[in-house]
Each structure stands twice: as C-alpha cells, then as structure tokens.
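Letters A, B, ... are given to chains in the order of the sequence lines, protein chains preceding strands, and every chain is numbered from 1. Every heavy atom of this structure was used, including side-chain atoms; hydrogens, water molecules and symmetry mates were not.
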2 protein chains.
Amino acid sequence: MSQPDTKQRILNAAEELFAVHSFHATSLRAITQQAGVNLASVNYHFGSKDALLDAVIKRRLEPLNARRSELLDEVERMAEASSQPPEIRAVWRAFVEPTLLLRKTDAGAEYFITLVGRALAEPHGAEMSIFLKQMGSLMFRFFEMSCSALPSIPRQLLFWRMHFAIGSFSHLMRSNEQSPLLPEGVSNTVDMESLIEMLLDYTVAGLEAPQ
Amino acid sequence: MSQPDTKQRILNAAEELFAVHSFHATSLRAITQQAGVNLASVNYHFGSKDALLDAVIKRRLEPLNARRSELLDEVERMAEASSQPPEIRAVWRAFVEPTLLLRKTDAGAEYFITLVGRALAEPHGAEMSIFLKQMGSLMFRFFEMSCSALPSIPRQLLFWRMHFAIGSFSHLMRSNEQSPLLPEGVSNTVDMESLIEMLLDYTVAGLEAPQ
DNA sequence: ACCTGATTAAAACAAACGTTTGAATAATTT
DNA sequence: AAATTATTCAAACGTTTGTTTTAATCAGGT
C-alpha cells in the first residue's frame, strides 16, 4: 500500500462527519477531502456509502459490546454466588460505563459515541438499522437482567422505565461540551467519572420509583 | 385562491415527511407530490425549504408554548398563594402534558411531536436551530422554576438531572407505536394518560434522588 | 365583459450527489 | 528484471437536489 492507512483515514473522517452532520447530510466528497484521499477510494475500499457507515460503527461497537458482555457475565456470576438477584446499578453500569469512558480514549471515540447516540434517536434512520444489526441480542439480555434485578416492578412498567433510561443515556451520549442552552451559574465541563455516577443515581432512582 | 388550502396541504405533507425521514432526507418533490401541489408552490408560498421548516414548527409550537406558559403561571400562582416552593411534579407536568396530549388531537400533531423530539436530539441540525429560536426563554424559565421547586439540589447537579429528564422526555416524543426492540411479554400500546404518569413518576424520582 | 393581481403549471437552471470508468502508479510476486 | 496484482487518480456518468423562470389560469373589482 502506498498510503498505508487510507482505510483508517476514511473511517476517521467519516466517523467525525457522520457524528457532526449526520449520515445523510455528509457527502463522500466532504469525507474524502477531510481524509486527504481520492473520492473513488471509498467505493474501492468499502463498496458504497452505506457499507462505509457499517464499517464505521463496527470498528468500535464490536469491542465495546464484547466488553459490555464481559461485565454482564461478571454481574451474573456475582449474583449467582450470593444467591441474590443482580444489582440493578451494576447491570446498568455494565452498559453505561464502558460507553462513556470510551469517549476519553481519543477524539475519534467521542465522535463515535455521538454517532451512536444519534442512531438511538432516529428509529428509522440509516444509522439505527445498521446499529441494531450489530447490537444483536445484547439489548434483550440487558432488559432481562434488569427484570431479574427488579422483580417487584412489573415487566410492562419496567419496559417503559428502561425506555426513559435509554433516553437519558443516549441524550448524554449525544451531548458534547457545547450545550445549546446553558443557564446562568452552570458550567458544562464535568469529569466523566462523576457524570457517570450522576447518571446512575438518577437512573436507578427512576427505575426503582414507587408506583 | 383557486385551491384554498395549498399552504396547509404543503405544511401537512412536510410535517409528516420531515418527522419520518428527517429534514435533510426529505425532498421538495416528495413533499409537493404527497400534497398534490406543484413543485414551485413551496418557494412561492414559503420562500425556501428552510422557511418551510420554520413554518411547520411555528404552526404548532406557538400555541403549545402559550399553553405551557399559562400552566407555569398557574403553578407559580399556587406556590405564592401557599407561600411554598412550586411543586416539581406540577412544573414538569406543565411542560410534558400539553406536549404529549397534543399527539391525540390529530395524526399531523403526532408527526409534529416526533419532529420536535428529533430536533432535541440533534444539537447542530437545522431542526434544532429553528426550534430553539421559537422556544425563546421558556426553557430557562422551566429550569429556574425547577431550581425553586428543589432547593436542596445544587444548581449544577440539577442542570444535569434536567438534562437526563429532557433526554427521557424527547425519547418518548420520538417513539411511536413501532418500537425497534420489543421484548417478549411486553406490549407497546398504552394510553397516553397513564404513560404521562409513568414518565412523571420516573422523572420526579430521578430529579429528587439522594446524592 | 374587461382588467388587475394572485396563484398554478411545466420546464429549465446550475449545483451537488453516489457511483463507475479506464488509465496511471505503486507494491508485491515470480 | 519482468509480470502481476493492488491501489490511486482525474474525469465523467446519470440522478437528484433546491431554486428560478415564463407562460397559463384563476379570482374578484370596476
């Protein structure tokens, strides 16, 4: 390969532009220009624009889901060892923490998180269908473990509460340092660790709320 | 006017298509075809595609915000009458209930709610900038009243918790009867009134969560 | 019936889109 | 060193985009 990382440069540029401007509003010309590669190289290396989106999501979602699955295994093991239902905070943390901590690994990861958050917000978008395909059954396992963790909450009610929780989570995934509405006396910069705890406090309280 | 409702027919078609396929993915040809009007009539009546989006949002958001403002007035009046801080559930209800009940008025309103929910999810999208312009200072008033309602929660923490709450709310606004992920033994159809109470239970518990 | 302004209609505009082509260049293999 | 494969490049493909133009059609006032 003359330019040894053409594919990676395309993936990086696409990741950023898809996250900032959405899939539809991003042209292949904008991607290849930012990547410093030829226009035709996207179709050469990936086949199509849709296949490029698939590759962008797969590159980071596959290891992320592997990590989440590991953590859920661990939560399950601890629950069985103590003959107790799994801890709802631990279940939710297994899903939330690897995702939000990924943002700090590099700049591209932050774009990826925004992109996935965007996918979760558009049920019929191109991002969503590709995202769901790659999520496989992990979402269902997540739901079932939450049901086990909160046996006193009816299944139907918990479904909606998890819907609300995913709304909060995905909203946080989409939000970057530039909030469109910042009230007086409020700063937007917080370290991610404490933000995760804030989200867990909020979410667990909501999931366990009295009926 | 030969066809007395060309503008309304365009607004209805645009409302639906913008909500389902997003602003960028919807062409003027698709809109005018669905509306049964000539392609050029959009630019004749509205000036541009952007101005059309503005009109679509304005048509329903203006009366909705007037109603929300009324309800916040009422909550404020009751708080002053009893010399107590405003009820957090009432504050939040003033924001949530008129919006979600609007869905049932007609099919177009449901599309509008989806469209606004989408706007809230894309901080840099065309929908968001137009939406914010029309929201004016209502969001800030909403935040300040929530601070008054929960004086024990630090302002900074409440900012993030309201961020989570708006995430839940907007996620519910976007979700229609077709959920992409429906676990076993769970139905997706619930009457809106009880869904509002579910959301309020969840949100108030999260906002008031122990720190 | 005639005129005036508002609206609709079909057609064309330039620009941007994703994709494909075929030749040129680089890398690897024989 | 020659042959072969992989990659890059500039150019063009046919569509589709938002917008504009010009003529036709409609309404209501005099």
Nearest-Å distance for atom pair [atom1]/[atom2], residues [X] and [N]:
{"X": "B:H45", "N": "C:dA9", "atom1": "NE2", "atom2": "C1'", "result": "12 Å"}
{"X": "B:N38", "N": "C:dT8", "atom1": "CG", "atom2": "P", "result": "9 Å"}
{"X": "A:R9", "N": "D:dT7", "atom1": "CZ", "atom2": "P", "result": "16 Å"}

Next item on the list: Between protein and nucleotides 14-20 of chain D, map the contacts as a letter string: B base, S sugar-phosphate only, - none, heavy atoms under 4.0 Å, written 5' to 3'.
Entry: ---BBBB
Check: According to the side chain to side chain donor-acceptor pair (under 3.5 Å) rule, which pairs have a member within residues 50-59 of chain B, sequence neighbours left out?
Finding: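 Only B:Q8-B:R59, B:N12-B:R59, B:E15-B:R59, B:D54-B:K133, B:D54-B:Q134 qualify under side chain to side chain donor-acceptor pair (under 3.5 Å).
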Notebook entry, point to check: Which pairs with one or both residues in residues 19-33 of chain B pass side chain to side chain donor-acceptor pair (under 3.5 Å), sequence neighbours excluded?
Noted result: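 For residues 19-33 of chain B, and leaving out neighbouring residues, there are no side chain to side chain donor-acceptor pair (under 3.5 Å) pairs at all.
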Check: Mind checking whether A:L52 and A:N43 have side chains closer than 4.5 Å, heavy atoms only?
Finding: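 Not touching, per the 4.5 Å side-chain cut-off.
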Checklist line | Contacts of B:R89 that satisfy salt bridge (Lys or Arg N to Asp or Glu O under 4.0 Å) - sequence neighbours left out | finding: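 Partners of B:R89 under the salt bridge (Lys or Arg N to Asp or Glu O under 4.0 Å) test: B:E197, B:D201.
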Next item on the list: State which residues pass ring-ring contact (aromatic ring centres under 6.0 Å, His included) with B:F95; sequence neighbours excluded, sorted by chain then number.
Entry: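 Checked B:F95 against ring-ring contact (aromatic ring centres under 6.0 Å, His included); matches are B:F142.
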Note to self: Using OP1 and OP2 only, check whether a side-chain N or O of A:S41 sits under 4.0 Å from D:dT7.
What the structure shows: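 False: A:S41 side-chain N/O out of range (4.0 Å or more) of D:dT7 OP1/OP2.
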Note to self: Show every salt bridge (Lys or Arg N to Asp or Glu O under 4.0 Å) that has at least one partner inside residues 119-128 of chain A, sequence neighbours left out.
What the structure shows: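 Passing the test, one end in residues 119-128 of chain A: A:E122-B:R118.
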